[in-house]
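Report on the following structure.
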Amino acid sequence: MSHQYTLPPKEAVAELLTWYQANKRDLPWRHEITPYRVWISEIMLQQTRVEAVKPYFHRFLEAFPDVYALAEAEETHLLKLWEGLGYYSRARNLQKAAIRIVTEYGGRFPSDPKELQKLPGIGSYTAGAIATIAFGVPAPAVDGNVLRVLSRVTGDERDILHPHTRKAAEEAVLSLCPAESPGEFTQAMIELGATVCGPNTEPLCKECPLCPWCIAAKTGKTDLLPVRSKKAPRRIEHRTVLLLKEHDRYMIRRRPAKGLLAGLYELPNELGTLTQEEAVAFARENGFQPLHIDVLAPAVHIFTHVEWHMTAYLMTGYFEEHQDRIMATAEEMAGKFAIPSAFAAYIKPITKGI
Ligand code: ADE
């Protein structure tokens with residue numbers, strides 16, 4: 001075996017499965033298991049907490065109950081339903097994959113993880129999760145939860161962010177995956193890593209079914225494992241955001257089709273911290289004549305690789321010409337256009353109560 005993990009015995013896997021049966025959380029995507037529901041939930045759960053995902057999962061399934069509905073969805077509607085979840089390329093990839101599943105696979109998901117991985121947005125983890133949970137096909141589903149559990153149980157000190165470690169972990173997890181219950185095993189590993197052996201908290205080793213075999217627990221190294229190399233620090237970007245208001249409408253604009261928050265709507269904004277005079281000049285360049293200006297509270301939004309430190313001005317006035325900018329009411333900002341959470345500090349006060 002090339003993975004070099006010293007794995008716990010079969011008996012440990014049996015203990016894990018028994019623990020899962022007795023302790024699994026009641027989560028919406030576990031009520032009825034279909035490939036579509038597993039897929040949507042796993043994509044939503046990437047980088048997003050379970051509690052945050054729940055209402056999105058319900059709304060999404062109501063709007064798009066199956067892969068055909070998703071394939072035919074209006075992009076604006078799809079992005080609106082995703083608003084606030086972040087990483088919007090996930091939503092676009094869901095639709096691209098849905099179209100392929102309809103056109104190339106007759107509406108049925110493939111069950112082979114290699115085939116699943118050919119679809120947009122489905123990586124090794126998601127393919128393993130769908131194959132095991134929805135189809136009962138043995139496969140490794142290794143996410144951050146599973147890497148944490150595996151590194152602690154085996155006392156493995158390799159950097160979990162290194163691709164070689166992930167590859168080795170996949171081999172190890174596949175060799176542990178029981179042929180009779182692959183889906184239960186995947187979910188049990190994730191569940192253990194999410195609840196008992198969680199991130200950023202003391203692990204609850206007394207409750208852990210793998211504790212008798214756990215090297216980290218035995219050697220007091222749970223707080224040192226998993227080993228994770230330092231990521232590059234986030235870049236800080238100063239931006240000035242403008243709320244340009246005429247009567248009951250605000251100017252919004254569409255972001256470019258490529259790059260951060262591609263294709264979503266936003267408040268007009270400019271790189272740098274503009275003074276009031278500079279902000280007024282910027283508004284005028286956009287065809288807006290301000291009559292009154294208020295300075296709003298600064299706000300910070302943290303993305304994966306960049307932080308926006310925002311200065312903002314509210315200007316009331318009138319537009320001289322309308323070109324291709326969009327003038328949206330508070331209702332439209334709340335209900336129609338997908339505006340990323342980065343602007344929430346300035347949008348929420350306008351749309352609250354709607
Ligand atoms: N995190 C990733 N996948 C999950 C799942 N299926 N249930 C709970 N948490 C998860």
Side-chain angles (χ1 to χ4, degrees), residues 13 16-61 64 67 82 84-87 89-91 93-94 97 109 111 113 116-117 119 121-153 160-161 166 169-170 172-174 176-178 181-201 203-204 207-210 226 228 304:
V13 174
L16 173 68
L17 295 177
T18 307
W19 169 86
Y20 178 65
Q21 280 312 327
N23 294 283
K24 63 183 167 193
R25 288 170 296 174
D26 178 23
L27 301 176
W29 43 92
R30 292 181 179 161
H31 290 178
E32 181 198 342
I33 292 188
T34 67
Y36 182 69
R37 289 168 59 90
V38 171
W39 174 46
I40 301 296
S41 62
E42 290 300 342
I43 298 292
M44 286 186 171
L45 286 160
Q46 286 169 17
Q47 336 266 355
T48 313
R49 287 173 309 107
V50 163
E51 286 309 313
V53 163
K54 281 181 184 174
Y56 283 91
F57 182 75
H58 283 299
R59 281 197 295 268
F60 197 95
L61 265 107
F64 312 123
V67 72
W82 207 265
L85 266 180
Y87 303 96
S89 58
R90 292 187 291 174
N93 279 334
L94 276 179
F109 282 77
S111 59
L116 282 163
Q117 276 194 63
L119 294 166
I122 300 190
S124 173
Y125 165 74
T126 312
I130 298 172
T132 54
I133 301 171
F135 292 106
V137 170
V142 174
D143 71 347
N145 291 313
V146 175
L147 281 168
R148 181 169 52 257
V149 170
L150 189 67
S151 73
R152 285 181 177 163
V153 171
I160 57 162
L161 295 180
R166 179 172 287 268
E170 288 184 345
V173 166
L174 182 61
L176 287 173
C177 184
S181 43
E184 298 286 287
F185 173 71
T186 290
Q187 299 206 71
M189 287 290 280
I190 295 169
E191 194 77 350
L192 195 68
T195 59
V196 166
C197 195
N200 317 316
T201 62
L204 308 172
E207 296 173 29
C208 182
L210 300 182
R228 187 192 295 266
T304 312

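Residues: numbered from 1 along the sequence shown. In each ligand, atom 1 is the first atom listed, and ligand 1 is the first ligand listed. Every heavy atom of this structure was used, including side-chain atoms; hydrogens, water molecules and symmetry mates were not.
The nearest pair of heavy atoms linking Ala129 to Thr186 is CA-CG2, 4.4 Å. Of all heavy-atom pairs spanning Pro199 and Arg148, the tightest one is CD-NH2, 3.3 Å. Heavy-atom minimum distance, Leu85 versus Met44: CD1-CG, 4.1 Å.
Under a 4.0 Å criterion applied to the non-hydrogen atoms of Tyr125, ligand 1 contributes the atoms 2 (C), 3 (N). The contact set between ligand 1 and Arg30, taken as ligand atoms under 4.0 Å from a residue heavy atom, comprises 7 (N), 8 (C).
Within the 4.0 Å heavy-atom criterion, neither part of Val38 lies near ligand 1. At a heavy-atom distance under 4.0 Å, no atom of Gln46 approaches ligand 1. Residue contacts with ligand 1 for Ile133 are absent, since no atom lies close enough (heavy atoms, distance under 4.0 Å).
Protein heavy atom in closest approach to atom 1 (N) of ligand 1: Ile190 CG2, 3.6 Å. In this structure, the protein non-hydrogen atom closest to atom 3 (N) of ligand 1 is Glu42 OE1, 2.8 Å. Atom 4 (C) of ligand 1 has Leu45 CD1, 3.3 Å as its closest protein atom, hydrogens excluded (heavy atom only).
By the side chain to side chain donor-acceptor pair (under 3.5 Å) test, Arg152 pairs with no residue at all, sequence neighbours left out.
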With side chain to side chain donor-acceptor pair (under 3.5 Å) as the test, would you mind laying out the steps for Arg30 and Gln187 before giving the verdict?
CA-CA 10 Å; Arg30 292 181 179 161; Gln187 299 206 71; 3.0 Å; yes
Check step by step if side chain to side chain donor-acceptor pair (under 3.5 Å) holds for Tyr87 and Thr304.
CA-CA 9 Å; Tyr87 303 96; Thr304 312; 2.6 Å; yes
